[in-house]
Amino acid sequence: MPRYGMVIDTRKCVGCQDCVIACKTENNIPEGYNRDWIVTEAKGKFPDIQLEIRTERCNHCSETPCVSCCPTGASHIQDVGGVVLVEHNMCIGCKACVEACPYDARFIHPDGYADKCTFCIHRVEKGQKPACVEVCPTYCMYFGDLDDPNSEVSKLLQSRKWHINLPDAGTQPNIFYLV
Amino acid sequence: MNALLEITTTRNNPHVDPSMAMWEWQIPVYLFLGGMVAGMMIIAGYFLFTGRHKESNCSCFFIPIVSVVLLSLGMFALFLDLAHKLYVWRLYTTFQFTSPMSWGAWILILVYPALIANILIKPTKWMTDKLPILLDYSKKMNEHPFLVKNIGIANMILGMMLGAYTGVLLSTLGSRPLWNTSLLWVLFLVSGLSAAAAFVHLFAKNKYESELLAKADNGFLVIELFVFVMIFLGLLSSARPHIEAAHLLLSGAYAPVFWVFVIGIGIIVPLIIQLLAVNHKVSHTAIAPILVIVGGLILRFVIVSAGQFSHWFNAHLH
Ligand code: SF4
Ligand code: SF4
């Protein structure tokens with residue numbers, strides 16, 4: 001059984017927001033809402049500044065507070081790929097999952113249900129890459145099966161240094177950032 | 001100047017950014033009303049259990065009626081909060097073991113029959129005027145003291161479950177450090193009991209009960225202070241997000257409302273007034289109970305709002 005994940009090279013990401021626009025177009029995200037976004041972290045003292053730019057989204061965590069708090073089962077982990085999804089017509093819009101995500105990756109869609117990144121599962125099932133990965137002009141994003149040791153993502157994680165977001169929150173995210 | 005850390009994000013989702021504010025007034029109102037009803041069920045259940053329903057002016061007769069009204073108002077507030085209202089029935093086609101909200105939905109289903117059973121022990125006159133058959137039920141029930149006792153026990157147990165779940169609901173959301181204390185349910189249960197004791201004290205016709213509840217409320221208020229100390233000790237000896245969460249209330253943005261309204265006006269002042277009253281230094285007035293009730297409501301607002309504001313830090317550069 002695959003476990004889908006992403007590896008994102010922060011050394012390549014320039015924060016161009018192409019992934020943000022691609023997601024909005026592909027998934028019809030209403031104006032003012034984001035399933036993915038750009039974070040810029042700068043640290044130091046002029047002129048000695050370090051910079052990390054990264055594109056963020058739901059981490060499709062392996063430990064999912066957003067799923068365990070859901071009173072209806074609308075938030076669930078899909079069998080194939082371990083992708084975390086929301087079944088719109090089971091969601092009552094109680095917002096518990098939005099509160100439960102330490103990454104604040106969810107929001108309430110204007111139509112009332114909880115919404116977030118789906119890893120473009122509708123594309124992945126057709127053998128395509130998620131829209132954000134497909135569109136990135138610097139090729140900084142990689143999508144694949146983390147359980148397959150021969151996949152591109154697994155090999156990158158073996159050969160490069162990386163971090164995950166909020167390791168202390170204990171959610172075991174499946175998006176990794178190469179540094 | 002030390003090294004600076006600047007983090008910016010392009011995300012700007014409504015009610016999520018710049019800080020989480022998904023839950024507005026409806027949730028604290030519901031948590032407060034649910035907690036107070038929980039306390040009232042425990043009090044009424046205790047009176048039934050100890051056979052006080054034999055007294056004609058026992059508070060256990062009006063408590064369940066008020067409880068049904070307040071709980072329904074609270075549930076209406078909860079309903080108003082739902083963003084996908086047409087699908088609310090989805091709560092009742094499943095039971096999700098790990099979700100306190102799912103537990104709560106089912107607990108609420110059990111609470112109503114327990115309250116109604118309590119009402120039936122001695123229905124009010126306007127009820128029996130409309131539905132004379134209620135008198136028969138009431139008579140039959142009162143022939144079985146064992147049954148009345150068990151209705152009392154059921155009310156106490158369900159009251160405890162209701163009061164506790166309102167705290168567990170928040171404390172399982174580990175993403176919000178302020179809520180991430182397993183004592184939150186104790187705080188909400190005790191605060192609910194305290195508000196309930198104050199409320200019943202305000203309206204009790206029976207002198208003994210009124211005096212008993214004032215004394216009990218003093219106990220609840222002292223325990224509440226103690227639980228606060230424990231919660232802060234826990235948070236302050238934890239990780240940085242938890243320490244900062246504690247400081248939100250102790251010295252940060254929420255400190256004025258926390259110290260003045262929750263601790264001062266909601267606990268200390270009524271505690272002093274009621275201590276004097278039960279020792280017959282001053283007479284009982286409505287002031288202390290009203291302060292306790294208002295303090296309980298503000299407590300829920302502060303915890304819900306500050307809890308959403310508290311968060312983890314996502315920084316990676318060294
Ligand atoms: S990032 Fe948040 S919403 Fe996504 S799986 Fe993890 S906890 Fe759930
Ligand atoms: S908002 Fe929807 S998906 Fe999220 S916890 Fe509530 S019912 Fe589940």
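Small disclaimer: the values here were computed from a predicted structure and weren't measured.
Taking 4.5 Å as the heavy-atom cut-off, the residues of residues 5-13 of chain B that approach chain A are L5(B), E6(B), I7(B), T8(B), T9(B), T10(B), R11(B), N12(B), N13(B), ordered by number. Proximity to chain A among residues 172-185 of chain B is limited to L173(B), S175(B), R176(B), W179(B), judged by heavy-atom separations below 4.5 angstrom. Contact annotation for residues 96-111 of chain B against chain A (heavy-atom separation below 4.5 Å, listed by residue number): Q96(B), T98(B), S99(B), M101(B), S102(B).
Using a 4.5 Å cut-off between heavy atoms, C94(A) contacts chain B through both its backbone and its side chain. Within the 4.5 angstrom heavy-atom criterion, only backbone atoms of R106(A) (N, CA, C, O) approach chain B. Only the backbone of Y103(A) has a heavy atom closer than 4.5 Å to any heavy atom of chain B. Contact annotation for I49(A): neither backbone nor side-chain heavy atoms come within less than 4.5 Å of a heavy atom of chain B. Proximity to chain A (any heavy atom under 4.5 Å) is shown, for F95(B), by neither the backbone nor the side chain. Proximity to chain B involves both the backbone and the side chain of N89(A), based on heavy atoms less than 4.5 angstrom apart. Using a 4.5 Å cut-off between heavy atoms, C69(A) contacts chain B through both its backbone and its side chain. For chain B, no part of I53(A) is nearby; none of its heavy atoms comes within less than 4.5 Å. Contacts between D168(A) and chain B at a heavy-atom distance below 4.5 Å involve backbone atoms as well as side-chain atoms.
In this structure, the side chains of M90(A) and Y87(B) stay at 4.5 Å or more apart for every pair of heavy atoms. Looking at heavy atoms from C-beta onward, Y33(A) lies in side-chain contact with P14(B) at the 4.5 angstrom threshold. Between D104(A) and M20(B) there is a side-chain heavy-atom pair separated by less than 4.5 Å.
Applying the 6.0 Å contact sphere to CZ of F261(B) captures no more than 12 heavy atoms from other residues, nucleotides or ligands. No more than 12 heavy atoms of other residues, nucleotides or ligands sit less than 6.0 Å from atom NZ of K129(A). Heavy-atom neighbours of R11(A) CZ from other residues, nucleotides or ligands within 6.0 Å: at or below the threshold of 12. Atom NE2 of H15(B) has 12 or fewer neighbouring heavy atoms from other residues, nucleotides or ligands inside a 6.0 Å radius. Around atom CZ of F76(B), no more than 12 heavy atoms belonging to other residues, nucleotides or ligands sit under 6.0 Å away.
When H88(A), E56(A), Q17(A) are compared by the number of non-hydrogen pairs under 4.5 Å with chain B, Q17(A) comes out ahead. Of the listed residues (L169(B), L317(B), L82(B), V16(B)), the one with the most heavy-atom contacts under 4.5 Å to chain A is L317(B). Chosen from D81(B), I27(B), D17(B), the residue pairing most often with chain A at heavy-atom distances under 4.5 Å is D81(B). With chain B as the partner, the residue from T40(A), V39(A), D36(A) showing the most heavy-atom pairs under 4.5 Å is T40(A). In terms of heavy-atom pairs under 4.5 angstrom with chain B, the leader among C66(A), A74(A), C101(A) is C101(A). Note on G73(A), A114(A), P167(A): by heavy-atom pairs under 4.5 Å with chain B, the leading option is G73(A). Ranked by heavy-atom pairs shorter than 4.5 Å toward chain B, the options L51(A), V98(A), I108(A), N165(A) are led by N165(A).
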CA sep, side-chain torsions, deciding dist, call: N314(B), E41(A), side-chain hydrogen bond (donor to acceptor under 3.5 Å, both in side chains): CA-CA 9 Å; N314(B) 191 20; E41(A) 190 179 327; over 6 Å; no
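How far OH of Y92(B) is from OG1 of T72(A): 12.5 Å, rounded to the nearest 0.5 Å. Atom NZ of K95(A) and atom NE2 of H84(B) lie 12.5 Å apart (nearest 0.5 Å).
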Using distance only, find each side-chain donor-acceptor pair of residues 135-146 of chain A under 3.5 Å and give its atom names and separation, not counting sequence neighbours.
residue	atom	partner	partner atom	Å
T138(A)	OG1	K12(A)	O	3.3
Y142(A)	OH	K12(A)	NZ	2.7
D145(A)	OD1	R3(A)	N	2.9
D145(A)	OD1	D147(A)	N	2.8

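Between H316(B) and H163(A), the angle of the ring planes stays under 30°, which puts this pair in the parallel group of the 30/60° scheme.
Shown here for T94(B) and P71(A), the closest heavy-atom pair between the two residues is CG2-O, 3.6 Å.
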